[in-house]
Amino acid sequence: MSLNFVGSFPFHRPRRLRQSPALRRLVSETQLSAAQLVLPLFARAGRKLRKPVNAMPGVFQLSPDELLREAASAHEAGVPAVLLFGIPDRKDAKASGAYAANGIVQQTVRLLKKELPQLLVITDVCLCEYMEHGHCGLIQQGKSGARVLNDPTLELLARTAVSHAAAGADVVAPSDMMDGRVRAIRGALDREGFLETPLMSYAAKFASAFYGPFREAAESAPLFGDRRSYQMDPANAAEALREVAMDIEEGADIVMVKPALPYLDILQRIKAEFGYPTAAYSVSGEYSMIKAAAANGWIDERAVTLESLLAMRRAGADILITYAAADAARWLK
Ligand code: PBG
């Protein structure tokens, strides 16, 4: 639909439609509800462990028992889904903890699916938290520095995704940004009998400074270099569309844009171009900025959080991944 105002303006008085809350709701173009929210959670071995993440007030590294409590309380508030990250006890050069049958994510998935069968459990599929160097793929040290080995990494990612599905994960979400990983993971899931496990790909994932606080939370900061050889350049929008097209072609069921608020233009273009189920990941830095300003009394946390989430919906997001999911669900009641 194209709107042409020329010659017909002014054609009505919008303020007539703003006279009452009921009327405003009737003509509202965008709905925000708890049903769209996904809460990321960080699992770590132990019991009764709640280790606060400094730069993210209200976010903790949780032992499985505590994570279950946190998930149950969010679910009770109306949050339908969680996204799991794991922090292993030991890291190595081949990310063994990522695909261990009894790894921290696999254990936590089994516990959640047993105790809260209605809760949708999504797992982040990546190697960075499990690698001693903190990169998302295997690394080869050469004369000209370190190089990420794309293709050999695919097999490890596929093993990780299969181990999550075997533990009972409802959706797997690869966040590594290696080329060809969606095809590799889809193929492995299908071969192992997980034909019905959907794949949500971090399709347009930018090399963003907004991930800073997450790397403390997940203990996944790279020891050398950065992620710019595999994550996207924030300057590029057309490239984001190509990345999404490739992931869809390779078998992604849901595509994601990340970060969210500074990339609403990308979100809107992707939703308009592909019409696929689209997720927005409002990342750690977005959360921390709101928390910090609110703690200073500079902004209204609740209003700013809900307005940000509404903006992501307006731009085209179906799914909202946010560390504020539990609070937002309570505020939306
Ligand atoms: C792992 C991963 C990252 C995030 C989600 N999965 C960090 C990164 O790519 O460095 C960031 C999430 C956030 O900042 O909230 N690859």
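When reading the values below, keep in mind they use all heavy atoms of this one structure, side chains included, and skip hydrogens, waters and symmetry mates. Atoms within each ligand, like the ligands themselves, are counted from 1 in listed order.
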Restricting to heavy atoms, the pick from Glu129, Met177, Arg215 nearest atom 10 (O) of ligand 1 would be Arg215
Under 4.0 Å between heavy atoms, the region of Asp124 that gets near ligand 1 turns out to be side chain
Is it the case that Lys205 places NZ or CZ above or below the six-membered ring of Tyr211, under 6.0 angstrom from the centre and within 45 degrees of the axis? yes
Ligand 1 to Arg227, heavy atom cutoff 4.0 Å, flagged ligand atoms 8 (C), 9 (O), 10 (O)
Rounding to 0.5 Å, atoms OG1 (Thr160) and CZ (Arg181) come to a distance of 13.0 Å
Cys128 heavy atoms within 4.0 Å reach ligand 1 at atoms 1 (C), 16 (N)
Asn236 side-chain N/O to Glu239 backbone N/O, donor-acceptor pair under 3.5 Å: no
Atoms of ligand 1 under 4.0 Å from any heavy atom of Tyr323, numbered from 1 in the order shown, are 12 (C), 13 (C), 15 (O)
Open item on the list: Main chain of Glu219, side chain of Glu129: is a donor-acceptor contact present, judged purely on distance under 3.5 Å?
Closed with: no
Check: Is a donor on one side and an acceptor on the other found under 3.5 Å between the side chain of Arg313 and the backbone of Ala317?
Finding: yes
So for Pro259 against ligand 1, with non-hydrogen atoms under 4.0 Å, the contacting part is neither
*asked:* Between Arg50 and Glu70, does the salt bridge (charged side-chain N to carboxylate O under 4.0 Å, His left out) criterion hold? Intermediate values first, please.
replied: CA-CA 10 Å; Arg50 287 180 77 80; Glu70 195 83 6; 3.2 Å; yes
- Thr278 side chain vs Tyr276 backbone, donor-acceptor pair below 3.5 Å: yes
Nearest non-hydrogen protein atom to atom 16 (N) of ligand 1, with distance, is Lys205 NZ, 2.9 Å
Gln231 heavy atoms within 4.0 Å reach ligand 1 at atoms 8 (C), 9 (O)
>> Between Gln106 and Ala98 (side chain of the first, backbone of the second, donor and acceptor by atom type, cut-off under 3.5 Å), is there such a pair?
In response: yes
Fill in: Tyr263-Phe206 aromatic ring centre distance below 6.0 Å
yes
Original post:
Do any nitrogen or oxygen atoms of Ser220 come within less than 3.5 Å of a nitrogen or oxygen of ligand 1?
Top reply: no
Honestly, for Tyr281 the part within reach of ligand 1 (heavy atoms, under 4.0 Å) is side chain
Keeping the roles fixed (side chain from Ser28, backbone from Arg24), state whether a donor-acceptor pair exists under 3.5 Å.
no
heavy-atom search around atom 14 (O) of ligand 1 in the protein gives Ser284 OG, 2.7 Å
Under 4.0 Å between heavy atoms, the region of Cys126 that gets near ligand 1 turns out to be side chain
Under 4.0 Å between heavy atoms, the region of Ser175 that gets near ligand 1 turns out to be both
- Measure centre to centre between the rings of Phe214 and Tyr323, then say whether the value is under 6.0 Å. no
Looking only at protein heavy atoms, what sits closest to atom 12 (C) of ligand 1 is Phe214 CD1, 3.3 Å
For Cys136, the ligand 1 atoms with a heavy-atom partner under 4.0 Å come out as 16 (N)
Ligand 1 to Lys258, heavy atom cutoff 4.0 Å, flagged ligand atoms 2 (C), 3 (C), 4 (C), 5 (C), 6 (N), 11 (C), 12 (C)
Ligand 1 atoms nearer than 4.0 angstrom to some heavy atom of Phe85 are 5 (C), 6 (N)
